Each structure stands twice: as structure tokens, then as C-alpha cells.
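What follows is one structure encoded as C-alpha cells, with my remarks underneath.
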Amino acid sequence: MRARAIMVLGTSSHVGKSLLTAALCRIFADQGVSVSPFKSQNMSLNSSATMEGLEIGRAQALQAEAARIPASVHMNPILLKPAGDMTSQIVVRGKIWGRLSASDYHQRRVEELLPIVRESYEILAAKHEVIILEGAGSPAEINLKQHDIVNMRMAEIADAVCLLVGDIDRGGVFASLLGTVQLLDATEHTRIRGFLINKFRGDIALLEPGVRMMQDRIQKPCLGVVPYIHHLALEEEDSLGLADITGETEPWLPEDVRARPLRIAVVALPSFSNFTDFDALRHEPSVSLRFCQEPSQFALADLVILPGSKQTVEDLLWMRRQNLDSSVVAHAAQGLVVGICGGMQILGTAIVDPLAMEHGDQVDALGLLPFSTRMNSDKVTRAITGRMSRSILFGQPMPAMDIDGYEIHIGETMYADGAQAFSILNGHEFDGCISADTRIFGSYLHGIFDDDRFRHAFLGAARGFHQLAPVTRFENWRQKRENSFNQLADTVRESLDLPRIFDWVGLPYKSQGQIEPMEQIR
């Protein structure tokens with residue numbers, strides 16, 4: 001039987017659609033229902049590799065985790081990765097499909113992809129009882145509506161009941177809800193079954209008169225008010241989340257205290273991809289991590305990290321214009337430096353791009369590690385396990401250990417004589433590079449810091465190099481994420497009219513006391 005469908009729509013981007021979709025996935029999973037997320041088209045530089053070696057938006061991977069199922073490329077058949085103000089790389093079913101301008105994509109090419117979107121949805125709908133679809137932006141973007149394949153058109157394909165989400169934290173929530181509904185046509189208006197208000201802080205009694213007026217105006221029920229949830233260890237919807245954290249730029253103060261936090265400066269590149277790589281580090285109590293865009297912000301950093309980049313050469317040239325390249329090189333003379341994916345490529349001697357995959361020229365890199373990168377047309381996308389090549393890091397002993405992560409990159413590493421790989425993947429493939437004194441290393445592996453054992457050893461080695469006191473308390477990141485999923489689900493469960501939502505898709509809603517323990521971990 002084809003799955004029942006619920007669609008989470010928003011009055012704009014960043015109203016919380018992704019996390020609310022994840023919450024509903026966890027709630028249905030806890031009820032013993034086979035549930036899957038779906039977003040036909042996502043625009044984000046945060047992506048993830050599925051087990052079949054294909055690329056999808058990071059948000060859909062998180063939602064799959066909430067649903068307790070493996071991520072599949074069918075959950076996000078189209079991923080748009082911005083490559084500048086006017087163009088994006090188009091990833092279709094996990095593989096590069098092309099690079100197009102916004103106008104070319106929306107006006108001519110998007111219709112070509114609709115059959116693929118429909119097929120991916122039907123594959124999931126045949127396997128699961130319920131699909132939770134996520135919209136993009138707003139369903140009332142009337143300038144793009146003719147070729148929309150992610151909001152109301154997708155709701156019609158899935159025959160979904162739709163929930164409209166407004167973000168009160170941004171202000172103007174009632175106007176945005178009313179305006180969105182009024183810009184929909186009659187059929188679309190019927191699909192919106194109710195609305196909810198997200199990210200509320202304050203006295204609910206002051207909100208209630210507005211809620212009643214809104215129900216009267218749009219003739220839809222309010223399904224609930226979800227409070228603002230602080231300190232969730234779950235990644236943001238997309239690159240908009242980075243704007244919320246790059247503001248943490250107050251300078252570090254000199255502290256001659258061995259127990260002080262380890263200071264980590266991450267270069268906030270213009271095409272910063274997968275900034276979620278650093279969520280686990282940010283949540284460690286022994287770490288003070290800042291995203292930096294100016295040389296002055298590097299002052300007093302213990303460790304500098306160059307992150308992944310969608311446009312590696314352009315970001316390298318930006319670093320030169322900002323004098324960040326010389327700041328990193330100066331820091332590397334005595335400090336610790338790490339590069340992840342594109343950041344690793346920047347640490348080498350040169351980036352060669354004969355096929356013009358990104359830039360088209362050969363560009364000198366920072367020269368901190370003895371390798372160069374040759375860009376090629378094949379994109380490596382896979383989840384992978386490896387093992388560190390050495391039992392020493394930052395001059396400190398490291399226990400022998402496996403490392404886990406995922407690769408999403410173009411580029412082949414060309415090692416110079418005497419260069420040493422950072423890790424060995426699948427028992428025989430070289431990954432990354434590490435300096436002879438082990439103070440500088442690079443790796444293609446995203447998610448490497450999510451692994452508790454590696455992250456704890458990494459931080460211990462960095463603190464040992466700087467003669468800081470050993471860590472007294474480490475974070476269990478995987479358990480923290482699981483707790484965050486449950487906290488999110490519990491908050492939404494307490495806030496929304498779930499019996500009504502379940503009834504809309506023809507399923508009974510069980511109270512927490514009625515759920516068998518095995519159903520909750522199914």
C-alpha cells in the first residue's frame with residue numbers, strides 16, 4: 001500500500017521545517033510506524049554520504065537518523081550546491097548532473113527532473129507507512145511557482161496533508177502565516193490542514209488572542225505552539241545556520257591557566273561546506289571554538305582548522321585577499337593546523353585544475369604539506385572507515401584506532417617524495433597527509449570529529465602539545481545527539497495536537513503509556 005503523507009511547509013526559509021520534520025519522524029517511529037523523510041529539492045552546502053555512496057542534503061540524513069533508518073538517496077533526489085551568486089552545482093540522485101544558472105535551472109531544466117523526483121518518492125512510499133515531506137522556502141513564492149517541484153506540486157503528487165509553520169522568533173509571524181495562505185490558490189488552500197507557531201519564548205497567554213484571530217481569518221486550526229529549544233546537539237537546516245555562529249568573535253584573553261579551554265579557530269570560508277563537521281567539537285566543555293574571517297581573530301588560537309569548501313581555489317584566493325593565508329602559515333610555524341577536505345587541499349603545495357572543474361588554472365597553495373591536488377571530473381562520495389597511519393599526533397602518543405567519516409570531494413592527491421598519508425582507508429588506500437613532526441595534518445574525511453574516541457584522543461594530544469591540563473570531562477557526542485532527538489520529539493509531542501495529525505493520515509495515536517518498549521526502538 002502507498003504510504004500516507006504529511007508535508008511540513010514554512011512561511012519562509014529557516015522557520016524550523018527541517019527539525020520539525022525530524023521530530024515527526026522520531027514521533028512516528030516511536031509509535032511503531034515505518035516512517036521516512038523526503039525533500040525533493042534541497043539547496044545547501046551541508047551534505048552527507050549515504051551507505052550506497054551517494055550524496056544527499058545533510059538535513060535528510062539527520063531526519064533519517066531521527067526515523068532510525070539508513071539514509072537513502074531517494075530521500076533527497078535533487079541537491080543544489082551554490083557555486084556563486086548565480087550558479088549551482090546540480091546533484092541528481094547523489095551524482096553531479098550539471099552546473100547551471102538559477103534562471104536556466106528554474107525556467108528550463110527543472111521540469112526534466114520531475115519524473116526522477118516522482119520515482120524516488122514512489123520508491124519510498126512503497127516501502128514505508130508514512131512519509132514526512134519537507135518543503136523549501138515558502139509555498140507562496142509566486143515568481144517560482146510555475147515550475148515548483150518541492151512545495152505544493154509535490155504535496156499534490158504525494159496527496160499530502162500539509163502543516164504550515166511560522167517562526168515567531170523572527171517577528172511578523174501572523175502576517176507571514178496570513179500572507180502565505182492568501183497567496184495560495186483554492187486547491188492548495190484546502191491542502192493546508194492547520195498551522196503551528198515555532199520557536200516561541202514568553203508568556204503563552206499574550207499569544208492566545210492572536211492565535212484565535214488567525215484561526216478565524218484563515219479558517220484553519222492552530223495545531224500548537226512549539227517553544228524555542230535551547231542547546232540541541234542537532235545541526236541547522238542549511239548554511240543560514242552558519243550566520244548564527246560566526247558572530248562568536250570576541251577575542252580570546254591571555255590566560256596562563258593550564259585548565260583553560262583549548263582554543264580552536266576555524267576559518268569561515270565564503271564557500272564553507274559541511275560546517276556541521278565541528279558541532280561535536282563546539283559542544284566539548286574543554287574547547288572554545290570560533291569561526292574566524294579576519295587575521296586578528298586568530299590571535300591566541302591553539303589550533304587552526306581549514307574546513308571543507310565548495311569552491312576551494314576561490315576560497316584560497318579569498319584567504320590571500322584577507323591576508324589569512326599568511327596568518328595560517330605564521331601560525332603553522334609553531335602551532336597546530338588541520339585541514340578537512342577542501343581545507344586539506346589548501347594546505348598542499350598546489351591545486352591543478354586542467355578540466356576547469358572549479359577554477360581552470362594551477363594555483364599555488366599554502367605549501368604546508370608535501371602534496372598537490374589534481375582536480376578531476378569524478379566525485380568521490382562514500383562512507384568510509386580507516387586507520388591512522390601513525391601512533392603519534394601533535395607530537396603526542398595516540399592509541400591505535402580506526403576512524404570513521406565520509407568523503408564528498410573531487411580531487412586526487414599527488415604525493416611528493418617522502419610524504420606520509422594521514423590514514424589508510426579500506427586497508428590500502430591513502431587518505432590525506434601528515435607533516436613529519438605531526439603538528440599539521442589534512443584528511444578528506446568529513447565527520448571525523450563525530451567519533452567520540454578519535455575526538456577525545458585528538459583533544460588530548462592538542463592539549464598535551466600546548467602543555468594544558470588533561471581533560472577532566474569529555475562529551476559523549478553520539479549519546480548527546482540521541483538525547484537531543486528525544487528532547488526535540490518530547491517537546492513537539494507536548495506542544496502539538498498529535499491525535500488530530502495522526503487522524504488526518506488514518507492512524508491511531510497512542511499516548512506514551514500505551515507504547516510498548518519494543519515499538520520505541522523499532
Side-chain angles (χ1 to χ4, degrees), residues 44-49 55 58 79-91 96 99 239 242 265-278 291-293 304-329 332 337-381 405-416 419 422 431-433 440-448:
S44 179
L45 288 177
N46 275 337
S47 60
S48 185
E55 184 177 11
R58 182 72 179 169
L79 176 62
L80 309 181
K81 305 190 77 172
D85 290 339
M86 298 294 291
T87 63
S88 290
Q89 182 186 88
I90 316 298
V91 178
I96 296 175
R99 178 168 171 164
S239 58
L242 182 60
V266 179
V267 180
L269 302 170
S271 296
F272 196 157
S273 66
N274 287 50
F275 67 86
T276 52
D277 282 342
F278 308 105
F291 294 93
C292 304
Q293 292 187 315
V304 173
I305 302 180
L306 298 182
S309 166
K310 178 63 187 67
Q311 301 274 36
T312 306
V313 172
E314 293 298 333
D315 281 348
L316 171 58
L317 297 177
W318 172 84
M319 287 180 63
R320 292 210 167 110
R321 292 192 297 271
Q322 303 293 115
N323 294 320
L324 286 168
D325 60 333
S326 56
S327 297
V328 173
V329 171
V337 179
V338 174
I340 301 297
C341 198
M344 181 198 81
Q345 295 173 345
I346 291 173
L347 294 181
T349 57
I351 300 173
V352 184
D353 192 2
L355 302 177
M357 296 300 297
E358 287 192 2
H359 192 268
D361 298 320
Q362 176 170 330
V363 178
D364 291 336
L366 300 190
L368 295 177
L369 289 173
F371 72 91
S372 61
T373 300
R374 178 186 175 89
M375 296 295 189
N376 50 39
S377 59
D378 294 330
K379 191 171 194 177
V380 178
T381 309
Y406 58 95
E407 293 181 86
I408 301 176
H409 67 90
I410 59 173
E412 178 183 1
T413 303
M414 316 296 288
Y415 291 101
F422 170 70
D431 163 62
C433 189
I440 304 169
F441 80 83
S443 171
Y444 271 124
L445 297 190
H446 292 285
I448 192 172

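Just so we're clear, the structure is a prediction, and the values are computed from it rather than from any experiment.
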Is there side-chain contact between S47 and E55, with at least one heavy-atom pair below 4.5 Å? yes
**Asked** Hey, does L369 have a side-chain heavy atom less than 4.5 Å from the side chain of I440?
**Response** yes
Sorted by chain and residue number, the side-chain hydrogen bond (donor to acceptor under 3.5 Å, both in side chains) partners of E407 (sequence neighbours excluded) come out as R382, H409
Here the pair of heavy atoms bringing F291 nearest to A268 is CB-CB, 4.2 Å
Validation row: V91, K81 side chains within 4.5 angstrom (heavy atoms): yes
I want to check something: taking the side chain as every heavy atom from C-beta on, are M344 and F441 in contact at a cut-off of under 4.5 Å?
no
Do V352 and M375 come close enough that some side-chain heavy atom pair is under 4.5 Å? no
Exercise. Start with the C-alpha gap between Q89 and L80, add the side-chain angles, then the distance that decides, and say whether side chain to side chain contact (heavy atoms under 4.5 Å, CB included) holds.
Key: CA-CA 6 Å; Q89 182 186 88; L80 309 181; over 6 Å; no
Result for side-chain contact (heavy atoms from CB on, under 4.5 Å) between R320 and one of N323, L324, L316 points to L316
TODO: Take the angle between the ring planes of F272 and F278 and call it parallel below 30°, perpendicular above 60°, tilted in between.
DONE: perpendicular
Between T312 and I351 the two heavy atoms that sit nearest each other are CG2-CD1, 3.7 Å
Min side-chain heavy-atom separation L306-V338 under 4.5 Å: no
Is the shortest heavy-atom distance from the side chain of W318 to the side chain of Q293 under 4.5 Å?
yes
Any heavy-atom pair between the side chains of T373 and E412 that's under 4.5 Å? no
